[in-house]
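Residue numbering restarts at 1 for every chain, and letters A, B, ... go by the order of the sequence lines.
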Amino acid sequence: MIRHGRSIGVGLVTIALATSACVGPATTIAAYEGKARRAAQDALSAVNTALLGVRIHERGSLLENYFETMLSQTEDDISSVQNSFDSIQPPNSKSSDKLRDQLDNLLSDGVSGIAQLRISARREDGPALVQAATQLAPTAKDLSQFVESHGG
Amino acid sequence: MSKLLNLALGVLTAIGGFVDIGDLVTSGVVGSRFGLSLAWATILGVVGICLYAEMSGRVAAITGRGTFDLVRERLGPRAGLANLTASFFVTALTFAAEIGGVALSLELVTSVNYLLLVPWIGLVMWFVVWRVKFTYLENTFGILGLALLAFGVALWRLHPDWSNLLHQVVAPHKPGTESLQVYFYYAIALFGAAMTPYEVFFFSSGGVEEKWSKKDLAVERANVFVGFPLGGMLSLSIAAVASLVLLPAQIGVSNLSQVGLPIAVAGGKILLAFSLLGFVAATFGAALETGLSCGYSVAQYFGWQWGKFVSPRKAARFHLVVLLSLLFAVAAVLTTIDPVKLTEYSVVFSAVALPLTYFPILVIANDPDYMGENVNGRLTNALATVFLALVIIASVAAIPLMIWTKAGQ
Amino acid sequence: MRLSDLIDTPVTGTDGTELGFVIDVRCHQDGPIRGAMQTLRVHSLIVSRTHVGSLLGYERRQQQGPWLIKILVRFLHRHAFIVDWDDVEREGNAFRLRASAQPRPLPE
Amino acid sequence: MTTARIIDLQLRLLDRQVIDTDGKFVCNVDDLELDVDEQGTPFVTAILVGPRALGPRFSGRLGRWVVAIATRLSEDRSTEPLRIDYRQVTEIGNVVKLARTKAELGVTPLEEWVDSRIIARIPGSGHAPE
């Protein structure tokens with residue numbers, strides 16, 4: 001076992017990095033729905049992070065730089081969730097297409113909502129921040145419902 | 001008096017030095033998705049690192065030789081080289097993750113994009129490795145890393161239902177929404193985060209650097225058996241605060257800023273600022289440790305002069321390897337790979353590489369020719385054999401699980 | 001010659017049957033003084049059928065060590081034996097045991 | 001029974017750390033050179049050092065490749081490795097101690113090359129960290 005240590009190690013490492021990084025095409029409707037639920041969950045996590053951040057920030061418990069960085073890091077997260085979900089080839093079924101449009105709208109609302117928060121935070125414009133947060137809240141509810149209704 | 005101070009310093013450094021980006025991220029991710037139902041993996045990892053570090057520290061004190069020097073001797077140059085290649089890859093990967101961790105932490109402090117900070121961090125790191133004396137380096141970052149006690153304070157201020165927390169730990173219950181394979185993937189990640197090989201390379205090489213001998217065994221054991229468990233408790237508190245604040249808010253940790261949110265919730269700006277000092281110091285200290293460990297492992301395999309107790313010119317090849325590893329690590333982070341994912345890969349691959357160095361050290365710690373009467377006791381051997389099995393199982397299961405769960409999706 | 005030339009040399013019995021190969025060379029420090037110490041003269045060869053675990057030393061002595069590893073390595077090296085240098089003769093690229101050879105099992 | 005010390009070369013000497021008279025690390029025992037005395041008994045005459053000693057112990061391509069590169073890079077262009085005569089050895093234990101300093105031994109050309117060409121050029125490399 002020790003004698004072949006090197007060749008086994010190198011082979012395994014390349015396989016692992018290759019498969020776990022890319023997002024394969026969805027095969028069945030159920031698999032696609034699973035990926036949609038997964039994407040909705042990650043997006044919900046990002047939106048909740050932003051909303052929680054605003055609440056703590058309004059209470060004066062969050063450092064400015066920390067709050068701004070958190071919003072931009074979370075914005076990156078939700079954007080990459082949307083990009084990787086959109087890149088999945090949906091199976092050709094009406095229900096999958098409906099599912100895709102429904103989720104895509106929610107993801108876009110989430111991305112633009114968090115972006116709006118990040119802009120207001122950088123401008124340190126309190127009222128705009130609160131207003132953007134209240135607009136974002138329904139997206140969180142819809143995403144949460146989407147996750148529930150798709151086996152979350 | 002100085003012996004007591006030395007002891008206290010050692011313990012504090014072990015606590016501060018225990019938590020690194022791997023613990024911060026993995027404990028945060030796991031706490032926010034699994035609550036404390038995976039605490040057993042961290043506890044196992046802590047017991048494992050105590051056992052492993054104590055053995056390799058004792059071997060360093062008695063034989064005056066570093067881990068990889070002995071690994072080559074016990075496995076032969078061929079198997080030793082395969083071992084070195086795998087361990088060096090994991091240590092360099094962890095080095096990159098730690099530098100990413102420093103950058104992310106400084107971004108939280110300055111809100112300057114982390115990628116812009118990375119080259120400067122590399123420069124400062126090179127200066128510290130090059131100019132700062134080993135003991136100052138270890139003590140400063142170890143002590144500053146204690147600022148992560150903010151997680152403990154935050155946990156206290158959240159007034160949790162302690163019996164519920166304890167129940168989650170003692171009677172682990174996998175959340176329904178998570179699959180079994182993801183559950184065990186993160187168990188291995190936590191185990192790898194707690195029982196990181198580089199910590200042992202650094203700990204034992206440090207023992208040789210500081211010329212430990214038999215009389216230092218007491219201090220060495222105190223460092224390990226008090227410092228590491230307290231460090232492990234810190235990891236658990238990171239997971240606990242995440243489970244109390246993030247889990248109910250349906251937030252799964254995907255970036256470093258989320259890991260610090262519970263501290264702001266519990267303790268406001270001051271506690272958050274204090275914890276950020278800990279974030280930067282712990283990751284910077286860990287980056288130094290992994291950087292030096294890259295040099296230690298290669299130099300010890302070939303028998304070159306290594307270590308910081310001599311001038312860089314006296315250990316030219318060692319310092320060259322550290323410099324090249326630093327350039328690799330900085331370049332790896334600048335490829336804009338998500339530092340959190342990079343960290344998860346580093347802890348899982350740490351688990352894969354663990355048996356490669358754990359096994360030879362276990363054998364040497366039992367060799368009377370080397371250790372005289374300081375060989376392992378019967379209890380240590382029994383425990384060490386159990387952990388040998390555990391470490392091998394984790395190592396074998398790590399990569400298949402990583403592929404199956406697409407790294408924990 | 002180099003030590004690595006001796007290691008791995010096949011060892012056959014008096015009748016030519018394969019017994020294994022040299023996994024280590026035992027020396028006694030009883031040669032003439034050369035510099036600060038007496039030289040290391042080859043006294044016997046340690047022969048086994050596998051290299052795996054041969055560097056751990058379990059098959060040499062009653063070594064205390066994790067019981068499980070000791071058992072495993074002992075099993076791997078159950079055919080290991082030690083034979084004096086004078087009891088072997090070079091034959092091509094192998095060592096053949098002389099008729100007078102008394103190989104001793106390991107661990108002694 | 002002779003009271004002479006018994007050393008199994010592979011288990012107790014090969015691949016051990018070699019340190020010089022100042023305690024600085026010189027190299028590992030990459031291989032051992034043996035000669036044959038009048039009675040035909042081999043005895044250790046030197047420690048062999050460097051890639052040209054270590055290379056042949058790797059089977060196959062890697063070994064030949066290591067030796068080939070090391071030979072081309074070496075001053076004397078020979079495939080014979082550097083050696084430290086047994087006379088220099090003062091102690092064989094957890095480590096092998098020598099009577100000479102690293103500079104006098106001259107068995108670490110790569111160290112000198114890296115030192116003079118790269119490390120020495122970087123400021124502050126001359127003295128130990130304070």
Peer 1: When rounded to the nearest 0.5 angstrom, what distance separates CG in Leu44(A) from CD in Gln250(B)?
Peer 2: 5.0 Å
Peer 1: Mind checking the CG-CG spacing from Leu276(B) to Asn65(A)? Nearest 0.5 Å is all I need.
Peer 2: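 The distance works out to 10.0 Å.
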Peer 1: Name the region of Ser80(A), side chain, backbone, both or neither, that has any atom closer than 4.5 Å to a heavy atom of chain B.
Peer 2: neither
Peer 1: Can you list every side-chain hydrogen bond (donor to acceptor under 3.5 Å, both in side chains) pair that touches residues 331-342 of chain B, not counting sequence neighbours?
Peer 2: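 Residue pairs passing side-chain hydrogen bond (donor to acceptor under 3.5 Å, both in side chains), neighbours aside: Lys341(B)-Glu344(B).
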Peer 1: So, the side chain of Ser45(A) versus the backbone of Gly252(B): is there a donor-acceptor pair under 3.5 Å, distance only?
Peer 2: yes
Peer 1: Just wondering, do Met70(A) and Leu261(B) contact through their side chains at under 4.5 Å, heavy atoms?
Peer 2: yes
Peer 1: Is it the backbone or the side chain of Val109(B) that comes under 4.5 Å from a heavy atom of chain A, or both, or neither?
Peer 2: backbone
Peer 1: Drop me the distance from Asn255(B)'s CG to Ser72(A)'s OG, to the nearest 0.5 angstrom.
Peer 2: 8.5 Å
Peer 1: Would a distance-only check, ignoring hydrogens and angles, find a side-chain to backbone donor-acceptor pair under 3.5 Å from Tyr66(A) to Gly260(B)?
Peer 2: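 Answer holds: yes.
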Peer 1: Please check if the number of heavy atoms outside Leu116(B) that lie under 6.0 Å from its CG is greater than 12.
Peer 2: yes
Peer 1: Do the side chain of Arg59(A) and the main chain of Gly268(B) share a donor and acceptor less than 3.5 angstrom apart?
Peer 2: no
Peer 1: Looking at Ala46(A), Gly60(A), Ser61(A), which makes the most heavy-atom pairs under 4.5 Å with chain B?
Peer 2: Ser61(A)
Peer 1: Roughly how far, to the nearest 0.5 Å, is the OG atom of Ser111(B) from the CG atom of Leu71(A)?
Peer 2: 11.0 Å
Peer 1: Distance check, rounded to the nearest 0.5 Å: Asp42(A) atom CG versus Ile251(B) atom CD1?
Peer 2: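 Rounded to the nearest 0.5 Å, the CG-CD1 separation comes out at 12.5 Å.
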Peer 1: Would you say that more than 12 heavy atoms from the other residues, nucleotides or ligands in this model lie under 6.0 Å from the CG of Asn92(A), or not?
Peer 2: no
Peer 1: Just to verify, which of Leu52(A), Thr49(A), Asn48(A) counts as forming a side chain to side chain contact (heavy atoms under 4.5 Å, CB included) with Gln258(B)?
Peer 2: Thr49(A)
Peer 1: For Ala273(B), which atoms come within 4.5 Å of any heavy atom of chain A: side chain, backbone, both, or neither?
Peer 2: both
Peer 1: Flag yes if more than 12 heavy atoms outside Arg38(A) fall under 6.0 Å of its CZ atom; otherwise flag no.
Peer 2: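 Check passes, neighbour count above 12.
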Peer 1: Give a yes-or-no answer on whether the side chains of Glu107(B) and Gln73(A) include a donor-acceptor pair shorter than 3.5 Å.
Peer 2: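 The answer is yes; a qualifying pair exists.
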Peer 1: Got a sec, which pairs hit ring-ring contact (aromatic ring centres under 6.0 Å, His included) with one end in residues 69-96 of chain A, sequence neighbours left out?
Peer 2: Tyr32(A)-Phe85(A)
Peer 1: What part of Leu62(A) is in contact with chain B, defined as an atom under 4.5 angstrom from a non-hydrogen atom: side chain, backbone, both or neither?
Peer 2: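 Backbone plus side chain of Leu62(A), per the 4.5 Å heavy-atom cut-off to chain B.
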Peer 1: Can you find a pair of side-chain heavy atoms, one from Ser254(B) and one from Asp77(A), that are under 4.5 Å apart?
Peer 2: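 Result yes, sub-4.5 Å side-chain heavy-atom pair found.
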